[in-house]
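What follows is a single structure, written as structure tokens, with notes after it.
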2 protein chains.
Amino acid sequence: MKFSKATNYALHSMLHLAATKSNTPVGVQVLAKKQDISPTYLSKILTKLAKEGMINSVSGANGGYTLSHGWESISFLDIIHAIEGKSSLFACYNHGPGCPIQKVMLNSEVKMEEELKKYTIADLI
Amino acid sequence: MKFSKATNYALHSMLHLAATKSNTPVGVQVLAKKQDISPTYLSKILTKLAKEGMINSVSGANGGYTLSHGWESISFLDIIHAIEGKSSLFACYNHGPGCPIQKVMLNSEVKMEEELKKYTIADLI
DNA sequence: TTAATCACAGACAATTAGACTCTTTGATTA
DNA sequence: TAATCAAAGAGTCTAATTGTCTGTGATTAA
Ligand code: SF4
Ligand code: SF4
């Protein structure tokens, strides 16, 4: 029961992109060095974000990543979902929707998600 | 980012103990069979709960587990903490308490915990 | 047109955490 | 005294996480 490091990296990368208010792409080298991790690994993570349309990737020299149009409305939850997936935190083996344990666990999860949905990276800068 | 199966087992065991309103101990064999898992593995999980004082263990023939005094006030969160530990879901590497990312993540986590604190196994029966 | 610089992809390796099993010990009871 | 229980520790198996390595294709600057 932990958020993965990848989620941490994704959040920080998004924050960095949002903080550097520029429309010139930021390379993965820069993002990786800032977080002291491998560029190739971070690349995979950023590719996930790109596939979800949160960032744009620019190939070639002076390429890198830029925030996509409408980035201001990307929530923490969106980023987390892109990395961790959207399945429930509580795995029950489907004994039906009426189960009381399931109900409490899922409900609590929703409370967290509601909060994560409220905040965007734009709120941080 | 998943609750462990152990947490599921612990919750179900507690629910079973609470549902069988009897002061004679319930053996791990019974609890394990009901959940279709190994008794020795479940034993380890129940030992954690016992160490936190949530249940009492009775050795010897006709032994097993009983709910401890005051069990009605044991919350979901208590049980989860006993199994998963109490550390934060979001591991940051301590860049200080002022960090905006940290603030959002921890706050969301608290929202979930508040909800998990509201409910007890007693509420389910 | 060539060389450098970038993202992307896939295969792989290392590490860690989760989910168990096996076996022994010690307490309690019949 | 034998059977029945929980507790504890070592060890195993598996899956997920966290990476690395290498090659490919796009873009740009020289
Ligand atoms: S929580 Fe409910 S639905 Fe999930 S495994 Fe348990 S009994 Fe089944
Ligand atoms: S979230 Fe904040 S405190 Fe945590 S690692 Fe990132 S910058 Fe540091």
Side-chain angles (χ1 to χ4, degrees), chain A residues 1-13 17 23-33 35-68 80 82-85 87 89-93, chain B residues 1-13 17 23-33 35-68 80 82-85 87 89-93:
Chain A
M1 190 56 177
K2 280 267 172 199
F3 283 103
S4 70
K5 289 187 174 185
T7 290
N8 191 318
Y9 300 152
L11 288 170
H12 282 78
S13 297
L17 288 178
N23 37 13
T24 65
V26 180
V28 75
Q29 317 286 342
V30 176
L31 276 330
K33 176 158 289 183
Q35 303 182 54
D36 196 37
I37 59 173
S38 145
T40 42
Y41 182 44
L42 183 57
S43 170
K44 290 186 147 183
I45 295 167
L46 295 179
T47 299
K48 281 190 181 179
L49 297 179
K51 285 199 170 149
E52 297 291 327
M54 299 178 182
I55 57 180
N56 303 311
S57 71
V58 182
S59 282
N62 300 325
Y65 297 93
T66 61
L67 289 170
S68 68
I80 291 169
I83 305 300
E84 307 260 352
S87 68
L89 304 188
F90 184 69
C92 49
Y93 306 100
Chain B
M1 191 53 177
K2 279 269 171 196
F3 283 102
S4 70
K5 289 188 175 185
T7 290
N8 191 319
Y9 299 151
L11 289 170
H12 282 78
S13 298
L17 288 179
N23 37 13
T24 65
V26 180
V28 75
Q29 315 288 341
V30 176
L31 276 329
K33 177 158 288 182
Q35 302 182 55
D36 197 35
I37 59 173
S38 145
T40 42
Y41 182 45
L42 183 58
S43 168
K44 291 191 145 182
I45 295 168
L46 296 180
T47 298
K48 282 189 181 179
L49 298 179
K51 284 198 171 149
E52 297 291 327
M54 298 178 183
I55 55 179
N56 303 312
S57 71
V58 181
S59 283
N62 298 325
Y65 299 91
T66 60
L67 290 170
S68 68
I80 291 168
I83 304 300
E84 307 260 352
S87 67
L89 303 187
F90 183 69
C92 49
Y93 306 100

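Sequence lines set the chain letters: A, B, ... in the order given, protein chains first and strands last, and positions in each chain run from 1.
Residue pairs meeting the side chain to side chain donor-acceptor pair (under 3.5 Å) criterion with at least one partner in residues 41-60 of chain A, sequence neighbours excluded, are absent.
Not a single donor-acceptor pair under 3.5 Å links the side chain of B:Gln29 to the backbone N or O of B:Pro39.
Within the structure, a side-chain polar atom (N or O) of B:Tyr9 is placed less than 4.0 Å from OP1 or OP2 of C:dC20. For B:Ser38 and C:dT21, the shortest distance from a side-chain N or O to OP1 or OP2 is below 4.0 Å. For A:Ser4 and D:dT18, the shortest distance from a side-chain N or O to OP1 or OP2 is below 4.0 Å.
The separation between B:Leu17 atom CG and D:dA6 atom P is 11 Å, rounded to whole Å. As a whole-Å value, the separation of B:Met1 CE from C:dA17 C1' is 15 Å. We find that CG of B:Asn56 is positioned 15 Å from C1' of D:dC5, with the value rounded to whole Å. Spacing between atom NZ of B:Lys2 and atom P of C:dG18 amounts to 14 Å, rounded to whole angstrom units. To the nearest angstrom, P of C:dA17 lies 18 Å from CD1 of B:Ile83.
Here A:Phe3 lies out of heavy-atom contact (under 4.0 Å) with every strand.
For the pair A:Asn8/A:Phe3, no side-chain contact is recorded, criterion being any heavy-atom separation below 4.5 Å from C-beta on.
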**Prompt:** How would nucleotides 1-14 of chain C be written as a contact map, 5' to 3', with B for base contact, S for sugar-phosphate-only contact and - for no contact, using protein heavy atoms under 4.0 Å?
**Reply:** ----BBSBS-B---
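In this structure, the separation between OG on B:Ser4 and CD on B:Glu84 is 4.0 Å, given to the nearest 0.5 Å.
The environment of B:Lys2 atom NZ is dense: over 12 non-hydrogen atoms of other residues, nucleotides or ligands sit within 6.0 angstrom.
One axis for each end of the helix from C:dA19-D:dT12 to C:dA30-D:dT1, each built from five base pairs, and the angle between them comes to 10° at 10° resolution.
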